[in-house]
Amino acid sequence: MKEMQTTYNPKEFEDAVYALWMENDCFKAKIDPEKIPFTVMMPPPNITGQLHMGHAMDETMQDIVVRFKRMQGYSVLWQPGTDHASLATEHKIVEALREEGVTKEELGREEFLRRAYLWKERYGGKIVEQLKKLGSSCDWSRLAFTMDETCSRAVREAFFQLYEKGLIYRGSRIINWCPDCKTALSDEEVAYSEDRGHFWYFRYPVKDSDAFVTIATTRPETMLGDTAVAVNPADKRYAHLVGKTLVLPLVGREIPVVADDYVDMEFGTGAVKITPAHDPNDFEVGMRHGLPLIRILNDDGTINEQGGAYAGLDRYEARKRIVAAMEEQGLLAKTEAHTHNVGHCHRCNATVEPLVSKQWFVKMAPLAKPAIDAVMKNKTKFTPDRFAKIYYNWLENIRDWCISRQLWWGHRIPVWYCEKCGAEICAREDPDVCPKCGGALRQDEDCLDTWFSSALWPFSTLGWPEATEEFKYFYPTDVLVTGYDIIPFWVMRMMFSGLRYTGKVPFRDVLIHGLVRDEQGRKMSKSLGNGIDPLEVIDRYGADSLRLSLVTGVAPGNDTRFTEAKVEASRNFLNKIWNAARFVLMNAKGEKVPPITGLKLQPADRWIISRLMTTIREVTLSLQKYDLGIAADKLIDFAWNDFCDWYIELSKPALYGADAERKRTTLGVLCFVLADTLKLLHPFAPFVTEEIYGYLPNTEGLIISADYPRYNTKLSYREEAKAFEGVIDLIKAVRAIKVSVNCPPSKKVHIYLLGEAKRLVSVNKSSILRLAGASEIEFVESGAEAGEKTVSRVCEMGQLFVPLGELVNLEEERARLEKELVRVTGEIARADGKLSNNNFCAKAPKKLVDDERAKREKYLDMKLKIEEQLKALQ
RNA sequence: GGGGGCAUAGCUCAGCUGGUUAGAGCGCAUGCUUCACAUGCAUGAGGUCACAGGUUCGAGUCCUGUUGUCCCCACCA
């Protein structure tokens, strides 16, 4: 047998353990009619992605749930995959091309895509390898990609179905345009931030008059596209101007003054320039008043030919010149500093321009409704449930989804236009010629929003629209684990897509987690440079430590701070487990370890087994509720405090003693409890538990495939375990006494106990003496028998007296007892207060009342004993 | 403007459907070279659970309001 090293050193075994799992096909999903399926879809990371702390937390949570369910006997599918991330990837590749001095247009679509695939082959797998480092136990043999054949077929089918029902349409509407990426964006892909800018007040002359209307704007260049000025119909200041004509400065266009409720009389000057082609509100006003749309921007953010003298200039250069020109003409009334929210491209952070453009949209209202209902009816449940409200809030206010992107990397829109008859054809299979007139066809140039394919992930990866065996067995999936920031992008869209295409919700549970922040509570971000690389942490502390640190002390849905101290604490715990195992193995060496059944168990054995059972129940329940943090806390508490600090210490006299049977029993219990503890811990810390499991004499196979421990009523020993707590309490009391008088720990004391638990004490005598640092324990009838200079304490087993001679300071002892007396008297008063309340006795559960009575008795007894002792000290 | 979170020990945070004396980790204090572990052990100090009302026999927990703080969405040109 291999020897375990003295300290936990994860680097020594993590990779080998992972390889072992792979060799044994431990992650493989199998269709097994005998078993209940349990399916989790991994949120596919972008192929451009690097593993960050957010992933680490998300993956860890999924892996915990998945390993737990696998051990419980479910047939688990954890489906991995990557997302083509059309915009992010194309952006990266375009940038790489720029280094080479080539544009994508020069390359052409075909060559560009060839390069993109090469790029994907080269870098796309990186994140997959990183996930393995974390211990992710997904079925890699099923690794999917949003642009692979199966997923692409699903995209085509989904598009076709919506198109057929008129739920996808093409139209000219105001969309968000990124001049850098040169594509349209969905509303969700625009991030707003407060930017410092200006308010420029411009005078627009009234035609054939000396009068002006003063308007305020934050984007002066858009005046080139103004087609009206609007005022509120109730605004007396401007009533006489409604219907009049203004002459747009610099341009010379004649534009009307219109009255519209949209205008806020209180804000600015109460008169608003209207640029229907470049502002969503103005667009609406324009529609109402039949105003022309004049688009003044090119796709790259420069002014187009509509801008006259300003044509060809960058939008900001044009802005500068327009302000200067207005000032020169005496039409700039004033300039004010002004902060306002400006939209930025989610990807490249460039300022987004709202502009009118012909794009493809998904009609959202009919899709949103069923998605809301499904959650209302609890077909899908959010954990924590407050996120349902956020989900509703999104869906209730949703606008049509702009799905076309002016990109090449992605799923091309499956629509063709006939060059001859102008027909628009959407088809499941690529058509060769126009089915109407036989004319030549030209496919739409655009690609679909990445999220259109991600939305299908829970079923596209299972082969939908084919009714594959996998789809039938594993769909709907069980739980989706993701961050709250992804609800609008993904959760929502999977919900309405799943319902629409499969008629079923895509998942029954949505487990939402928060963000991993830095030590100061700031969001980890590239620009701040405060991100911590999970791989580096794994390198230094091991994956298990990282995993544990990401789930302990974290409430579901709450943000958490990542600190090295937490990782260290987790590492220390795992080292503890490592050494506990080492201790057990050292003692088990060469011996046959008996199974737990049929052993002659002692009180301490029953106590630890009882605690184990309680822990099994609590951890199982917590995991079922997705309370991962609580589960981990309970488990750590049990393993460290109960098992290591108490049971292992208690076991030493038996292990080192002469009684062979007792030694054998203790060894059996140690091995049994350790093995179960490792199993409970395995979902959280898979590597180290697997490694240790391999050393244990009482196990076979791999822990990953072991049965999850079950609560066994026969092993619960509730009464005996409770009684044994008295032994622990006694030991603690003796230790406390020794510390309180500065008695050196090595100095053995004589314990006198006034109490009844003689049997319990005698059975555990050697443990008590060892752990309390005592030479003898003796029962007495009264405190006087213990002698003069004693320190006393009331504990669960009774009252104990420790003669400590010169160390005893009678004054201090008296003061301590008096303090204790105050506390106990307070407790009695509290209990009396409760019990004398008739309402309490009548309405509270009987058990509670009984407990309160018992407590009162206990404290009364304590009080009596303390008073006696005080009297003895007089 | 709409929606949501948070406020508990010096720090970071747990506390499930209300029910013993409110917990953990870190930090702090004191003491330990006990043959698994100093990545450790023992003992201890430290909390008016933001504030004000209310419901209840009983509130850290539920309700209302206040204050502070953070986030998301919308957005007044």
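Model, not experiment: these values are computed from the prediction. The chains referred to below are lettered A, B, ... by the order of the sequence lines, with proteins before strands, and numbering in each begins at 1. Scope of the values below: all heavy atoms of this structure, side chains included, with no hydrogens, waters or symmetry mates.
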Length of the CZ-P vector between A/Phe583 and B/rC37, whole Å | 10 Å
Pairwise C1' distance for B/rU55 and B/rU67, with rounding to whole Å | 23 Å
Rounded distance (Å) that lies between atom C1' of B/rG1 and atom CG of A/Asn393 | 12 Å
Taking only the side-chain heavy atoms of A/Ile390 (C-beta and beyond), determine which of B/rA77, B/rG4, B/rA36 contains the nearest atom.
-> B/rG4
Report yes or no: is there a donor-acceptor pair, N or O only, under 3.5 Å between the side chain of A/Asn341 and the base of B/rC75?
-> yes
Here the distance between atom C1' of B/rA36 and atom OH of A/Tyr647, to the nearest Å, is 15 Å
Looking only at atom P, what distance separates B/rU48 and B/rC11, rounded to whole Å?
-> 13 Å
Backbone of A/Thr214 reached by a side-chain donor or acceptor of A/Thr269 within 3.5 Å = yes
Would you classify A/Ile648 as touching base, sugar-phosphate or nothing, given that sugar-phosphate means primed atoms plus P, OP1 and OP2, and contacts are heavy atoms under 4.0 Å?
-> base
Worked verdict on A/His289 versus A/Asp260 for side-chain hydrogen bond (donor to acceptor under 3.5 Å, both in side chains) | CA-CA 9 Å; A/His289 298 272; A/Asp260 197 286; 2.7 Å; yes
Dot-bracket pairing map - RNA chain B, Watson-Crick plus G-U, both contacts under 3.5 Å, | cross-strand | (((((((..((((.....[...)))).(((((.......))))).....(((((..]....))))))))))))....
Any N/O pairs under 3.5 Å between the protein and nucleotides 39-44 of chain B? List them or say none.
{"residue": "B/rU39", "atom": "O4'", "partner": "A/Asn572", "partner atom": "OD1", "Å": "2.9"}
{"residue": "B/rU39", "atom": "O2'", "partner": "A/Asn575", "partner atom": "ND2", "Å": "2.7"}
{"residue": "B/rU39", "atom": "O2", "partner": "A/Arg571", "partner atom": "NE", "Å": "3.1"}
{"residue": "B/rG40", "atom": "OP1", "partner": "A/Asn572", "partner atom": "ND2", "Å": "3.1"}
{"residue": "B/rG40", "atom": "O3'", "partner": "A/Lys576", "partner atom": "NZ", "Å": "2.9"}
{"residue": "B/rC41", "atom": "OP1", "partner": "A/Lys576", "partner atom": "NZ", "Å": "3.0"}
{"residue": "B/rC41", "atom": "OP1", "partner": "A/Trp640", "partner atom": "NE1", "Å": "2.5"}
{"residue": "B/rC41", "atom": "OP1", "partner": "A/Asp645", "partner atom": "OD1", "Å": "3.1"}
{"residue": "B/rA42", "atom": "O3'", "partner": "A/Arg735", "partner atom": "NH1", "Å": "3.3"}

Determine whether more than 12 heavy atoms belonging to other residues, nucleotides or ligands lie under 6.0 Å from atom NZ of A/Lys634.
-> no
More than 12 foreign heavy atoms under 6.0 Å from CD of A/Glu266: is that the case here?
-> no
Could you give the distance separating B/rG23 and B/rG15 at their C1' atoms, to the nearest angstrom?
-> 7 Å
Name the closest nucleotide to the A/Arg582 side chain, picking from B/rC32, B/rA77, B/rC37.
-> B/rC37
note: A/Met586, atom CE; B/rC35, atom C1'; distance rounded to Å ~ 8 Å
Protein-nucleotides 12-16 of chain B N/O pairs under 3.5 Å:
{"residue": "B/rU12", "atom": "O3'", "partner": "A/Arg561", "partner atom": "NE", "Å": "3.3"}
{"residue": "B/rC13", "atom": "OP1", "partner": "A/Arg561", "partner atom": "NE", "Å": "3.3"}
{"residue": "B/rC13", "atom": "O2'", "partner": "A/Gly553", "partner atom": "O", "Å": "2.6"}
{"residue": "B/rA14", "atom": "OP1", "partner": "A/Asn558", "partner atom": "ND2", "Å": "3.0"}

Roughly, in whole Å, what's the span from CD1 in A/Ile174 to C1' in B/rA77?
-> 13 Å
Quantified in whole Å, what is the C1' atom distance between nucleotide B/rG31 and nucleotide B/rA38?
-> 14 Å
Determine whether the aromatic ring centres of A/His513 and A/Phe387 lie less than 6.0 Å apart.
-> no
What is the distance from CD of A/Glu396 to C1' of B/rG3, rounded to the nearest Å?
-> 10 Å
Could you measure between the two P atoms, the one in B/rG65 and the one in B/rC57, and give it in whole Å?
-> 24 Å
A/Lys863 meets the side chain to side chain contact (heavy atoms under 4.5 Å, CB included) criterion, sequence neighbours left out, with A/Leu821, A/Val824, A/Thr825, A/Ile828, A/Glu867
Crowded around A/Lys652 NZ? As in, over 12 foreign heavy atoms under 6.0 Å?
-> yes
Residue closer to the 5' end of RNA chain B, A/Asn742 versus A/Ala581 (nearest nucleotide) = A/Asn742
Parallel, tilted or perpendicular: which fits the ring planes of A/Phe638 and A/Phe643, with parallel below 30° and perpendicular above 60°?
-> parallel
Which residues satisfy the ring pair (Phe, Tyr, Trp, His ring centres under 6.0 Å) test with A/Tyr192, sequence neighbours excluded?
-> none
Report yes or no: do A/Asp642 and A/Tyr647 form a side-chain donor-acceptor pair below 3.5 Å?
-> no
Base, sugar-phosphate, or nothing: which does A/Phe387 touch, judged by heavy atoms less than 4.0 Å apart?
-> nothing
If you restrict it to nitrogen or oxygen atoms, what contacts under 3.5 Å exist between nucleotides 57-59 of chain B and the protein, and what is each distance?
{"residue": "B/rC57", "atom": "OP1", "partner": "A/Lys843", "partner atom": "NZ", "Å": "2.0"}
{"residue": "B/rC57", "atom": "O2'", "partner": "A/Asn837", "partner atom": "ND2", "Å": "2.7"}

What integer number of Å spans the C1' atoms of B/rC13 and B/rA42?
-> 26 Å
Atom CG of A/Asp485 to atom P of B/rC70: distance rounded to whole Å?
-> 19 Å
More than 12 foreign heavy atoms under 6.0 Å from NZ of A/Lys855: is that the case here?
-> yes
Give one of base, sugar-phosphate or nothing for A/Tyr859, where a contact means two heavy atoms less than 4.0 Å apart.
-> base
At under 4.0 Å between heavy atoms, what does A/Lys858 touch on the DNA or RNA strands: base, sugar-phosphate, or nothing?
-> base
A/Thr217 side-chain N/O to A/Arg219 backbone N/O, donor-acceptor pair under 3.5 Å | yes
Regarding A/Asn176 and A/Asp187, is there a side-chain donor-to-acceptor distance under 3.5 Å anywhere?
-> yes
B/rG58 to B/rC73 separation - C1' atoms, rounded to the nearest Å = 41 Å
Contacts of A/Val263 and A/Pro744 projected onto RNA chain B by closest heavy atom; the upstream (5') one is A/Pro744
When rounded to the nearest Å, what value does the distance between C1' atoms of B/rU61 and B/rG54 take?
-> 15 Å
Using whole Å, report how far CG of A/Asn579 lies from P of B/rU34.
-> 15 Å
